[in-house]
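Heads up: the structure comes next, in structure tokens.
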Amino acid sequence: MGKVSRWLRDNNIIVIVVVTTIIFYLINPRFLSGENVVAISRQIVPIGLIVLGQFFVLVSGNIDLSMGMSSVFFAILLGVFFGMLGGVVIGIIAVFVVSLMLGAINGYFIGKVKVPAFIVTLATMFIVTGLSGLIIPPRQMIFLRGGFFKFIGSAKLFGMYYSTLILLVLFVIAWFLYNKTKFGGYVIAIGDNEENAKLVGINVTKMKMIIFMISAFCSGLAGIILSSRMGFVQPGLDGASIMMDAITAIIIGGTLLQGGKGTVGGVFWGLLFIGIINNSLNLLNVQDVWHQVFKGIVIIAALVLNWAIRKQSGIEAH
Amino acid sequence: MELSKAGFKGKFRISASKNVRYLFLIGLIIVVSTFFTFINPKFLSLVNIGILLRSISVLFLLSMGMTFVIITGGVDLSVGSNVAFAGAVGVLTLQATGNPVIAAIVTIAAGAAIGFINGYFVGKLDLSPFMITLATMALARGLSLVLYKADAISVTNEAFLWLGKTSVGPFPIVIVFDILVFLFIKSLLNRHTFGRDVFAVGSNLKAAHLLGRNVNMVLIKVYVLTGVMAGISSIITIGRVSSGQPWAGLNLEFDAITAVVMGGTSMAGGEGSLVGTIIGVIFYGIIINGLILTGANPYFQSVAKGLILLIVVVLDQVQKNRSAE
């Protein structure tokens with residue numbers, strides 16, 4: 001296999017991102033203006049946090065369907081604590097504690113009881129969706145005002161939003177965790193072949209608990225960012241599309257849904273791709289009703305392109 | 001000889017544990033029904049049973065299709081959006097032609113088209129069912145919004161509404177239709193070679209290839225079948241409310257998956273039953289209907305769905321783990 005085709009196989013997402021960037025730039029040069037680039041970097045933060053948590057879950061051969069709706073749930077939980085007690089710190093502690101508990105519950109049923117992750121997290125998705133509506137008084141919004149929310153939502157450092165910088169730092173931590181620690185190797189081993197992982201002495205049950213606690217914790221962080229960004233919370237917030245975007249970003253970024261393979265770098269480019277697509281919908285003045293059509297076609301096109309490049313380089317799509 | 005004996009024993013054990021599961025689910029249905037009747041005696045009235053049957057008629061059909069998909073080891077996230085999309089195509093056709101028969105056929109064909117896209121990409125290109133149906137879920141919902149211009153269109157053609165609207169006394173005729181569909185599909189799954197192929201594909205894609213099965217064709221047929229079910233479901237949905245709605249079928253894919261999984265079909269593929277799915281759908285319908293009757297906060301329905309799903313699968317898995325030890 002030639003050097004070029006091997007690079008293409010492993011990095012086709014970079015080609016996809018560059019090509020879409022050029023196309024959108026040619027259509028509307030404002031796409032690459034500093035202002036718009038900063039806007040994209042801000043829009044991708046909640047999706048990016050879900051991406052980070054979901055990445056480890058997918059590489060381990062599992063899936064966490066509850067992440068999107070639970071980020072909405074945690075946003076509301078923070079709002080309820082803030083509204084009731086007026087304290088940000090207690091609200092954030094509550095989000096951290098409850099998110100780790102949710103992750104532990106998911107992880108326990110998946111790791112210990114061995115129920116498929118798809119089903120457990122589908123069930124917890126239903127549960128957090130319902131709880132979001134139950135913990136907030138009916139037909140009400142809670143407004144979140146104050147220094148903290150302003151800081152997380154809209155403060156900048158050197159022209160970049162703090163929330164973006166936080167995401168970048170977390171990406172570096174994830175990269176380190178995935179590539180430079182035993183933890184990362186274990187995650188890959190479990191996703192590659194769970195039985196083998198057990199045979200070489202990896203505590204699969206414990207690992208799964210940790211992996212799902214990480215993903216739930218990331219949902220909690222996404223919830224905090226979401227609520228700060230909007231300045232209010234209500235149960236009707238769209239958590240489902242955040243999760244769909246996140247999974248799409250990870251898969252287009254070269255991670256296998258079957259587990260065992262994926263890179264943090266690839267996922268980062270996948271996130272950029274989703275950010276670009278979401279941003280372009282507004283930039284190109286795509287009418288609201290066409291958004292989902294556009295997105296569906298783009299995802300299919302990216303999947304097919306992804307497939308074609310891998311096929312071209314002689315590697316099965318698997 | 002030895003092998004076939006073992007095979008026979010294995011099969012027997014599976015069917016025995018299946019029966020235990022059905023009994024367990026039916027037991028749960030009885031307990032839950034008793035509870036709801038105790039809170040609100042109307043629960044067991046004929047009128048309410050009619051309402052219950054009507055409310056599950058669409059989920060019933062979608063879950064039939066979903067059972068096939070899950071047996072092949074896949075999943076179809078697009079069915080809910082497809083209900084809206086097929087309905088949009090059908091309602092516009094009805095407006096243009098005024099002919100309910102043509103409109104119904106076009107509705108079903110539109111549903112099948114989305115199914116074909118899913119099946120083609122899953123079968124031919126070997127793309128992950130989750131990803132491709134996630135994309136067509138957005139696509140179908142988006143097309144529905146575009147076609148409806150994001151607004152409901154009321155339908156007055158009585159013939160087109162007939163299937164979803166008509167009742168005999170308190171009982172909706174659509175339930176008879178559902179039973180006919182079930183009998184047809186059950187014969188497909190259990191008697192014809194197609195059914196065997198579906199299980200073969202789910203048990204092991206590569207082995208099915210070796211056996212000379214055309215895996216691509218089987219997958220395309222299975223996803224087209226769920227598309228057809230979505231098409232029929234949209235006719236029923238439109239009949240129930242006398243209008244086409246751009247957001248029809250929202251989240252129904254997750255409800256269908258829940259019903260199928262509660263009915264004992266394994267997400268790993270290669271194993272499952274339509275009868276189990278029916279029990280799952282009925283159980284599901286009873287929970288939602290009962291909670292509505294008790295006047296509980298609607299958000300509690302979602303919590304209840306999740307808890308019940310978790311309880312059923314966890315108890316089932318605990319039992320499996322025990323018998324495996």
Side-chain angles (χ1 to χ4, degrees), chain A residues 63 65-66 69 105 108-109 112-136 138 235 240-241 243-244 247-248 251-252 256-258 287-304 306-308 311 316-318, chain B residues 75 77-78 81 117 121 125-132 134-151 246 250-251 254-255 257-258 261-262 266-268 296-318 320-321 324:
Chain A
I63 192 165
L65 294 176
S66 70
M69 291 316 293
I105 293 171
Y108 177 82
F109 286 124
K112 185 82 185 167
V113 190
K114 300 189 182 71
V115 182
F118 191 98
I119 302 174
V120 172
T121 58
L122 177 63
T124 46
M125 179 187 92
F126 280 135
I127 294 171
V128 292
T129 306
L131 287 178
S132 299
L134 291 176
I135 60 173
I136 196 167
S241 71
M243 192 198 56
M244 301 300 179
I247 293 179
T248 305
I251 299 304
I252 290 179
L256 291 186
L257 260 182
Q258 297 93 324
Q287 271 182 306
D288 279 0
V289 290
W290 282 97
H291 277 198
Q292 299 225 43
V293 177
F294 188 78
K295 229 162 158 178
I297 291 173
V298 166
I299 298 175
I300 293 175
L303 288 173
V304 171
N306 209 305
W307 168 85
K311 182 112 179 162
E316 290 270 327
H318 269 287
Chain B
V75 68
L77 299 177
S78 71
S81 302
I117 297 176
F121 283 112
L125 266 61
D126 218 357
L127 294 179
S128 122
F130 183 90
M131 271 322 291
I132 196 68
L134 188 65
T136 50
M137 174 187 180
L139 183 66
R141 178 68 63 195
L143 287 174
S144 145
L145 287 165
V146 169
L147 291 172
Y148 278 121
K149 299 194 178 69
D151 212 352
L250 190 64
N251 295 335
F254 289 125
D255 293 346
I257 295 168
T258 303
V261 168
M262 284 202 299
S266 154
M267 288 296 290
N297 184 324
Y299 281 103
F300 189 70
Q301 288 172 22
S302 190
V303 176
K305 269 188 229 175
L307 284 178
I308 293 286
L309 174 61
L310 204 55
I311 291 170
V312 170
V313 291
V314 165
L315 288 180
D316 188 53
Q317 191 64 44
V318 167
K320 270 187 201 158
N321 292 350

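Numbered from 1 within each chain, the chains take letters A, B, ... in sequence-line order. Computed from heavy atoms alone, side chains included, the values below leave out hydrogens, waters and symmetry copies.
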Heavy atoms only, distances under 4.5 angstrom: which of [options] has the most pairs with chain A? Name it, please.
{"options": "B:L77, B:V314, B:L143", "answer": "B:V314"}
{"options": "B:K149, B:M137, B:R141, B:M131", "answer": "B:M131"}
{"options": "B:T258, B:L307, B:L139", "answer": "B:L139"}
{"options": "B:G142, B:S302, B:S144", "answer": "B:S302"}

### Query
Is it the backbone or the side chain of A:S241 that comes under 4.5 Å from a heavy atom of chain B, or both, or neither?
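Neither part.
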### Query
For A:I300, is it the side chain, the backbone, both, or neither that has a heavy atom closer than 4.5 Å to a heavy atom of chain B?
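Contact with chain B involves both backbone and side-chain atoms of A:I300.
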#### Entry: Region of B:Y148 in contact with chain A, defined by heavy-atom distances below 4.5 Å
neither
### Summary
If one checks every heavy atom of B:L310 against chain A at 4.5 Å, the contacting part turns out to be both
### Message
Is it the case that over 12 heavy atoms from other parts of the model lie below 6.0 angstrom from the OH atom of A:Y108?
### Response
no
### Query
Closest approach of A:M69 and A:S132, non-hydrogen atoms and distance?
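A:M69 and A:S132 have their closest heavy atoms at O-OG, 4.4 Å.
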Nearest 0.5 angstrom please: [X] [atom1] to [Y] [atom2], how far?
{"X": "B:N297", "Y": "B:F300", "atom1": "CG", "atom2": "CZ", "answer": "9.5 Å"}
{"X": "B:K305", "Y": "B:D255", "atom1": "NZ", "atom2": "CG", "answer": "4.0 Å"}
{"X": "A:I251", "Y": "B:L127", "atom1": "CD1", "atom2": "CG", "answer": "11.0 Å"}

Side chains of residues 112-129 of chain A: which donor-acceptor pairs under 3.5 Å do they make with residues two or more places apart or in other chains?
from: A:T121; atom 1: OG1; to: A:L65; atom 2: N; distance (Å): 3.0
from: A:T121; atom 1: OG1; to: A:A117; atom 2: O; distance (Å): 2.7
from: A:T124; atom 1: OG1; to: A:N106; atom 2: OD1; distance (Å): 3.0
from: A:T124; atom 1: OG1; to: A:V120; atom 2: O; distance (Å): 3.2
from: A:T124; atom 1: OG1; to: A:T121; atom 2: O; distance (Å): 3.2
from: A:T129; atom 1: OG1; to: A:M125; atom 2: O; distance (Å): 2.6

### Summary
Sorted by chain and residue number, the salt bridge (charged side-chain N to carboxylate O under 4.0 Å, His left out) partners of B:K320 (sequence neighbours excluded) come out as B:D316
### Task
Using a cut-off of under 4.5 Å on heavy-atom pairs, state which of A:L257, A:I299, A:I297, A:V298 scores highest against chain B.
A:L257
